[in-house]
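Comments concern the structure below.
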Amino acid sequence: MSELMSLEALTALVTLTGMEIVLGIDNIIFISIMVGRLPQEKQAKARSLGIFLALFMRLLLLFSITWVMGLTEPLFSVMDKTVSGRDLILLLGGLFLMGKATFEIHHKVEDLEEVDGSGVKNQIKAQMGWTLVQIVILDIVFSLDSVITAVGMAQQISIMVIAMVLSMVVMLVSAGGISGFVDRHPTVKILALSFLLLIGVMLVVEGTGNHVSKGYIYFAMFFSLAVEMLNLRYRTKRARFGIVTR
């Protein structure tokens with residue numbers, strides 16, 4: 001306990017918690033979009049389950065750190081490039097995320113609907129089980145980078161565990177608000193899906209052995225989000241004064 005209360009340990013804890021929260025943003029976006037396809041009464045439960053599954057995957061990988069580090073060892077070579085287990089996970093996860101984001105963008109733009117017996121159109125709803133399976137698949141991919149980052153920033157397992165739990169608490173508290181905000185604003189949802197598509201491309205690039213600085217990716221995401229927030233404020237003020245937005 002005394003080691004945890006040292007200035008060095010507290011600094012590492014605060015820094016790592018902040019980093020885990022940043023790395024968890026894309027996870028929250030993905031979970032929010034996935035549960036948005038579920039019936040309204042199941043969304044909160046699925047969102048909480050998704051976040052707890054993300055925490056479970058991070059802790060599981062953290063306590064299997066020897067195996068995780070072993071994933072960086074080369075498995076085979078392709079055209080003079082070595083391929084590791086981590087590369088394969090990032091590549092497959094990136095392809096899955098790109099495909100899923102593209103499908104969701106197509107669904108949103110084309111507004112795919114089905115008609116019931118009374119002729120009333122209803123949005124196609126997803127199944128709870130399949131939604132959780134997709135969340136788990138991406139949790140594994142996101143958790144892998146999260147754990148490797150944690151190991152690089154802290155030396156004590158206890159600090160890593162506390163940082164991950166704190167970041168998940170923040171995610172749990174904020175996920176409902178983020179999910180509701182995304183659902184209420186269609187343009188923000190398209191932007192969020194575009195973020196996921198961008199992250200998928202980044203994972204594929206990293207999976208092929210090329211490094212991409214995440215700073216550039218997150219800067220682009222936050223800049224695009226800031227512009228969209230200005231647009232939302234602009235449209236809200238025009239609507240308040242009865243001005244038609246063109």
Side-chain angles (χ1 to χ4, degrees), residues 17-64 68 89-90 92-105 107-108 123-150 160-186 188-200 202-203 218 221 225:
T17 301
M19 182 62 68
E20 290 293 326
I21 291 173
V22 171
L23 291 174
I25 290 175
D26 43 16
N27 213 332
I28 293 178
I29 293 173
F30 180 78
I31 291 174
S32 299
I33 290 172
M34 290 304 302
V35 302
R37 297 281 302 279
L38 291 171
Q40 188 71 35
E41 65 275 9
K42 294 183 179 179
Q43 290 183 14
K45 180 181 178 181
R47 196 161 48 240
S48 299
L49 278 174
I51 293 173
F52 280 119
L53 285 171
L55 175 59
F56 175 76
M57 292 308 306
R58 278 167 167 76
L59 295 178
L60 181 64
L61 290 175
L62 182 60
F63 287 113
S64 306
V68 171
I89 292 175
L90 293 180
L92 294 176
L95 290 173
F96 175 80
L97 192 55
M98 288 171 62
K100 188 62 185 174
T102 302
F103 174 80
E104 291 294 335
I105 290 174
H107 181 278
K108 188 67 181 175
Q123 186 181 19
I124 299 173
K125 296 297 183 182
Q127 296 297 317
M128 179 78 148
W130 174 232
T131 298
L132 291 177
V133 168
Q134 294 177 85
I135 289 174
V136 168
I137 292 173
L138 263 297
D139 278 344
I140 294 172
V141 179
F142 291 142
S143 297
L144 188 64
D145 259 4
S146 176
V147 170
I148 291 175
T149 301
M160 301 179 205
V161 171
I162 294 172
M164 288 180 181
V165 171
L166 289 176
S167 66
M168 286 299 158
V169 170
V170 173
M171 287 174 62
L172 195 61
V173 171
S174 60
I178 293 175
S179 182
F181 182 79
V182 169
D183 283 339
R184 289 194 303 271
H185 300 90
V188 173
K189 189 167 186 176
I190 294 294
L191 184 61
L193 288 168
S194 301
F195 289 164
L196 292 178
L197 184 59
L198 181 62
I199 293 169
M202 180 189 71
L203 291 176
Y218 284 117
M221 289 170 59
L225 184 61

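Since this is a predicted model, take the numbers as computed values, not measurements. In what follows, residues are counted from 1 in the order of the sequence shown.
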Holding to side-chain contact (heavy atoms from CB on, under 4.5 Å), I want the full list of residues that pass it with Leu92, two or more places apart in sequence or in another chain.
none
Enumerate, atom names and distances included, each donor-acceptor pair closer than 3.5 Å involving a side-chain atom of residues 160-170, sequence neighbours excluded.
unit_1: Ser167; atom_1: OG; unit_2: Ala163; atom_2: O; d: 3.3
unit_1: Ser167; atom_1: OG; unit_2: Met164; atom_2: O; d: 2.8

Interatomic distance, Ile31 atom CD1 to Leu132 atom CG [nearest 0.5 angstrom]:
9.5 Å
Working to the nearest 0.5 Å, report the span between CG of Leu198 and CG of Leu193.
12.5 Å
What heavy-atom pair brings Ala46 and Val35 nearest, and what distance separates the two atoms?
CB-CG1, 3.7 Å
Met202 side, atom CE; Leu97 side, atom CG - distance, nearest 0.5 Å:
9.0 Å
Starting at CE of Met57, measure out to CD1 of Ile137 and round the result to the nearest 0.5 Å.
11.0 Å
Can you measure from NZ (Lys42) to CG (Leu49) and round to the nearest 0.5 angstrom?
12.0 Å
Quick check for you: to the nearest 0.5 Å, what is the distance between Leu197 atom CG and Lys100 atom NZ?
13.5 Å
Those residues that, when tested against Phe181, pass side-chain contact (heavy atoms from CB on, under 4.5 Å) (two or more places apart)
Arg184, His185, Val188, Met229, Leu232
For Leu172 and Ile51 the tightest heavy-atom approach is CA-CD1, 3.7 Å
Close side-chain approach of Leu203 to Ile199, heavy-atom, < 4.5 Å:
yes
